[in-house]
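Reminder, nothing fancy here: chain letters follow the sequence lines and each chain counts from 1.
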Number of protein chains: 2
Amino acid sequence: MTDLKDATLHKRIRSDISERILSGAWPPGHRIPYEHELMAEYGCSRMTVNKALAPLAESGLIIRRRKAGSFVSRPRIHSVVLDIPDIPAEVTARGEPYGYELQSRKVRLAGRREIEELGLDLPVEVLALRCLHRASGRPFALEERLINLAAVPEAADVDFMRVAPGSWLLSHVPWTEAEHRISAANVPRATSILLGIEAQAACLVLERQTWRGDDRITHVRLTFPGEAYDLVARFAPQPAANPAARR
Amino acid sequence: MTDLKDATLHKRIRSDISERILSGAWPPGHRIPYEHELMAEYGCSRMTVNKALAPLAESGLIIRRRKAGSFVSRPRIHSVVLDIPDIPAEVTARGEPYGYELQSRKVRLAGRREIEELGLDLPVEVLALRCLHRASGRPFALEERLINLAAVPEAADVDFMRVAPGSWLLSHVPWTEAEHRISAANVPRATSILLGIEAQAACLVLERQTWRGDDRITHVRLTFPGEAYDLVARFAPQPAANPAARR
DNA sequence: TGAAAAGTTTTGTATAGACATAAGAGGGCC
DNA sequence: GGCCCTCTTATGTCTATACAAAACTTTTCA
């Protein structure tokens, strides 16, 4: 019951409770002790109990209702923390030498399809980049990226032969929102040739759209050969670190 | 600066600060005001300021050091909350009629490959299920599931003709950990026939392994026709609700 | 000069009390 | 029975205070 790992009292109360919930000892719907009962049990003040319970309510593990009490929440949380890869870091983390190659770079007005991908209304100057990431010399991912030069004019002067656009953007442009779309696709022949795979082989496609406030910063499509790549998300419900890993 | 949406003071302080960080006004490394400065600015007690800042530190957006102060943390968080679908809910949420069909059900000793998928050491009795989920009559997902009967003996008596195994497990068996693997694959011919797609069409494959403590509960592989299905994760860094959606 | 000691500042945790708010429980009235 | 009002109870938020721990700064003393 008393967990010696957690030094402070409110953390110990919190982990005692979440442990009982997650072990199934307290099933969904079960009423957990009132604050004053926990005060008595742990011999502490109500603020301390409240500090233990409030984050459990915020994370959705319990539901609190005035007068009624606190209850283990019914619908089990069903979301997962997915670690989205920064490709150079990802490849080197696997212990493979990382290679990067800028294949094309153009500044131009966004085409119709690109306007849609960037979600813009009117034509705008974009920087269009296509890069190939390699692991141990083999193609690892094809990156097709549009950068909105109206929002990030500095990008026009960066030497993307040397630095990958994802890394540069991540460290130079703050963002407030991102949307990821993960899908499977049969890619066009040109793409399959670049990736060195068969024409009909399935690929994992990760698209990311990034905003800063209302400005669209960038849209990127990463195409991974399906055979060689998985995304792995591990959910350990405690709001601790997220130990995501990849094959 | 002052956000009228957030009724309570500590939430307003919290969102004011995270807003300035996420907009880039306070870049990584920037020292945010001391607690006593925020007390003066908002005219409140230190406990209230602390209640605003503590979750920001816990979520990793800021780093707090005694004597030195609190700072915007350097490495930008790069993970994403992905909403993993409960298929019946998912289909009906799209406004399509949901159909479910149990295709096969067997209790048997786990085969070699299945032992590996369940991560077991020795042979064990499993319940093997194959179900097809339909949306508007069309195949939506193929579910291939193994349930470890040593861990969940009750599953042997459930009528999985009527209730989908995912829904039953979710509401009857608590779990403590889950690992998800997302990949793209060209599926075997038998699967493509079941899903009513071309033999070489790419599919999105979602595998989930669930634990309760050290016991493996279930392993499931969901295969979605790639053309018809995306996973979408929207990252809005506020630790509020996760507004995930799907195409 | 240089290392140890003392002081200062900031965060971390906890207490006790106060008032507000929501909502279930029960009683009385039509 | 059904409806409204009041009473009660549990949570929600906040204050003021206290002491502890960490870490940077200054002073002291060998």
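- Between Glu96(A) and Arg134(A) no salt bridge is recorded (no basic side-chain N to carboxylate O distance below 4.0 Å).
- A salt bridge is absent between Arg145(B) and Glu207(B): the closest approach of a Lys/Arg side-chain nitrogen to an acidic carboxylate oxygen does not fall below 4.0 angstrom.
- Between His133(A) and Tyr100(A), the gap from one ring centroid to the other is short of 6.0 Å.
- Atom-to-atom, OH of Tyr42(B) to P of dT13(D) comes out at 17 Å; the value is rounded to the nearest Å.
- Going from atom OH of Tyr34(A) over to atom C1' of dG12(D) covers 17 Å, rounded to whole Å.
- Whole-Å rounding puts the Leu9(A) CG to dA14(C) C1' distance at 8 Å.
- In this structure, of dT15(D), dT15(C), dA23(C), it is dT15(C) that holds the atom nearest to the side chain of Ser45(A).
- In the set dC14(D), dG12(D), dC24(D), the nucleotide with an atom closest to the side chain of Arg65(B) is dC24(D).
- The existence of a salt bridge linking Glu35(B) and Arg64(B) is confirmed by a sub-4.0 Å separation between a basic side-chain nitrogen and an acidic carboxylate oxygen.
- In terms of position on DNA chain C, the residue among Ala68(A) and Thr48(A) whose nearest nucleotide sits closer to the 5' end is Thr48(A).
- Ranking dT8(D), dT15(D), dG12(C) by closeness to the Arg64(B) side chain, first place goes to dG12(C).
- If you measure from atom CD1 of Ile63(B) to atom C1' of dA23(D), you get 16 Å, rounded to the nearest angstrom.
- Protein atom CG of Leu38(B) is 14 Å distant from nucleotide atom P of dC14(D), rounded to whole Å.
- Between Asn50(A) atom CG and dT15(C) atom P the separation is 12 Å, expressed in whole Å.
- Salt-bridge annotation for Glu19(B) and Lys11(B): absent, with no side-chain N of the basic residue lying under 4.0 Å from a carboxylate O of the acidic one.
- Side-chain proximity of Met47(A) to dA16(D), dT13(C), dA16(C): nearest is dA16(C).
- Distances were taken from every side-chain heavy atom of Glu35(A) (C-beta onward) to each of dA22(C), dG12(D), dA23(D); the shortest belongs to dG12(D).
- Of the candidates dA14(C), dT9(C), dT13(D), the closest approach to any side-chain atom of Arg46(A) belongs to dT13(D).
- Between the CD1 atom of Ile32(A) and the P atom of dA10(D) there is a distance of 14 Å, given to the nearest Å.
- If you measure from atom CZ of Arg66(A) to atom C1' of dA20(C), you get 8 Å, rounded to the nearest angstrom.
- Candidate nucleotides dA14(C), dC14(D), dG24(C) were compared by shortest atom distance to the side chain of His10(B), and dC14(D) ranks first.
- Here Ser70(B) reaches the OP1 or OP2 of dT11(C): one of its side-chain N or O atoms lies under 4.0 Å away.
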